[in-house]
Amino acid sequence: MSTDASAKASPKQADTAPSLKDRGNLFEIAGRQVDKAMKLINLDDDVAQILAQPKNEIITNFPVRMDNGKFQIFKGYRVQHNNILGPYKGGIRYHHEANLDEMKALASWMTYKSALHEIPFGGGKGGIKVDPRQHSKTELERITRRFTAALGSNIGPEFDIPAPDVGTNEQTMVWMMDTYMNIVAQSERNSVRGVVTGKSVTSGGSYGRREATGQGVVHCITEWAKDKNFNLDGAHVIIQGFGNVGTYTARLLSQKGAVVVGVGDVGGYIANPEGINPHKLSEHVAKTGSVAGYKGATKVTREEFFGLEADIFVPAALELELGLKEAKALKVKMVVEGANGPTYPEAEDYLLGKGVDVIPDILCNSGGVIVSYYEWLQNKRSEQWDTADVLARLEKRMKQTYANVRQYAQAHKTDWRTASYAIGLERLQHCYRERGIFP
Ligand code: GLU
């Protein structure tokens, strides 16, 4: 899946990684990553303690009427990690294995992502333990609306702003917005449009939001290629996950002449050394729900996929997909994390030791939240920016942050993940020291 809209999930995972609960505790792994950066910059103990836990963890169990008239109880989450730099911000994930520790990790990554890119937002994440594939559109609408009503004043355009993530999309956000609008005073309705981002353009979304995350990933790949004097024209790419992020990364990379030689998702893995046409593959996925069975490629196993002859690997599926075994199989020069938290720390150590560059999630998959920020600004000002304007702003910000991380990593002789966290942590600490801790 992806960090973003329209990704699909299914409990029947043939030839895939273990189920989420067997992959380890994501929050503990996220904590290990951040600790390394905290030590590097000698972060003050009080700030470290504040950031070690989310501020709020909301769990709501709510009933929804199914199409057959029976009721089903769902478990929803919203974790608000930190808001010192601005309103809590982050996606809503629909997945049958959604769990609290996962939400806590994902929420904390949003705090560091926004801090790193100097976006005036904090970090949050939420979701529902539900497999969206098992429900009709009408059921999904009722589930979404009931969840939004249950969250009530725990979200808001100046407090906590959800967005799409794995298993959710523009439609989900429009339902959330509409429900929220209907629970505030009539006279305020139009002023709360910015309660969610990632909406459709007609309902107040931003041009460029749909492709934003993939576009950001591609900006990082382009910058890396420039630094390394590497020609992207003809480069071989493998992509895991063909939701919003995987799809747009594939399309935009192929515009640069790169060749997608392998793709995988929850339904299986496919390869073609001559190249897979991302547009045709998207059509196939829209019809069947998976890349499996696509005529223009051959079926391969998950193990074979990781071992394909390629230059670039883009994990754009779920967390903790890239372990030591997969890292040892990879033949690529770079890993660009389109997904949040796809790499185990030991796999990253192994790759870095081998000279493979790893561009971390909070640096490269931030295009989504950056354009979410632009959407929120447009809503606040009742403006509609054109696509070129949005994408130019995104490009400038991605390139600026990329350069900052490169410089920081070189100056402190550290890896790019640690450098990215360190920059974010320094901003957070600076703000805490200026404002002080109440009372
Ligand atoms: N779900 C996306 C992420 O993980 C986007 C979040 C947002 O736009 O707020 O970055």
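Computed from heavy atoms alone, side chains included, the values below leave out hydrogens, waters and symmetry copies. We count ligands from 1, going down the list as the structure has it; atoms in each ligand are counted the same way.
- For R209, the heavy-atom gap to ligand 1 drops under 4.0 angstrom.
- Judged by the 6.0 Å distance and 45° axis criteria, R302 is not positioned over the aromatic ring of F305.
- Residue-ligand proximity, G368 to ligand 1, at heavy-atom distances under 4.0 Å covers atoms 8 (O).
- Taking the ring pair (Phe, Tyr, Trp, His ring centres under 6.0 Å) definition, one finds that W385 meets it with Y374, sequence neighbours left out.
- Close approach to K113 involves these atoms of ligand 1, each under 4.0 Å from a residue heavy atom: 3 (C), 4 (O), 10 (O).
- Only the side chain of N340 comes within contact range of ligand 1, with a heavy atom under 4.0 Å; no backbone atom does.
- Residue pairs satisfying the ring-ring contact (aromatic ring centres under 6.0 Å, His included) criterion with at least one member in residues 120-151, sequence neighbours excluded, are listed as follows: F62-F147, F74-H135, F121-Y373, F121-W376.
- Within the 4.0 Å heavy-atom shell around ligand 1 one finds G90.
- Under 4.0 angstrom from ligand 1, there are no non-hydrogen atoms of S366.
- Checked by atom type and distance alone, the side chain of K256 never pairs as donor or acceptor with a backbone atom of V218 at under 3.5 Å.
- The V369 neighbourhood of ligand 1 comprises atoms 7 (C), 8 (O), 9 (O), with distances under 4.0 Å to a heavy atom of that residue.
- Close contacts of ligand 1 with M110, meaning ligand atoms under 4.0 Å from a residue heavy atom, involve 3 (C), 4 (O), 6 (C), 10 (O).
- Put simply, part of K125 is less than 4.0 Å from ligand 1, judged by heavy atoms.
- Atoms of ligand 1 found under 4.0 Å from any heavy atom of S372, numbered from 1 in the order shown, are 7 (C), 8 (O), 9 (O).
- We find that E283 and K287 are not joined by a salt bridge, their nearest charged nitrogen and carboxylate oxygen being 4.0 Å or further apart.
- Side-chain N or O atoms of K89 include one that pairs as donor or acceptor with a backbone N or O of I161 at under 3.5 Å.
- Remark: the backbone N or O of I92 is paired with a side-chain donor or acceptor of T168 at under 3.5 angstrom.
- For atom 7 (C) of ligand 1, the candidate residues are G91, P162, A163; the nearest heavy-atom contact is made by A163.
- Looking at E375 against ligand 1, nothing comes within 4.0 Å, counting heavy atoms.
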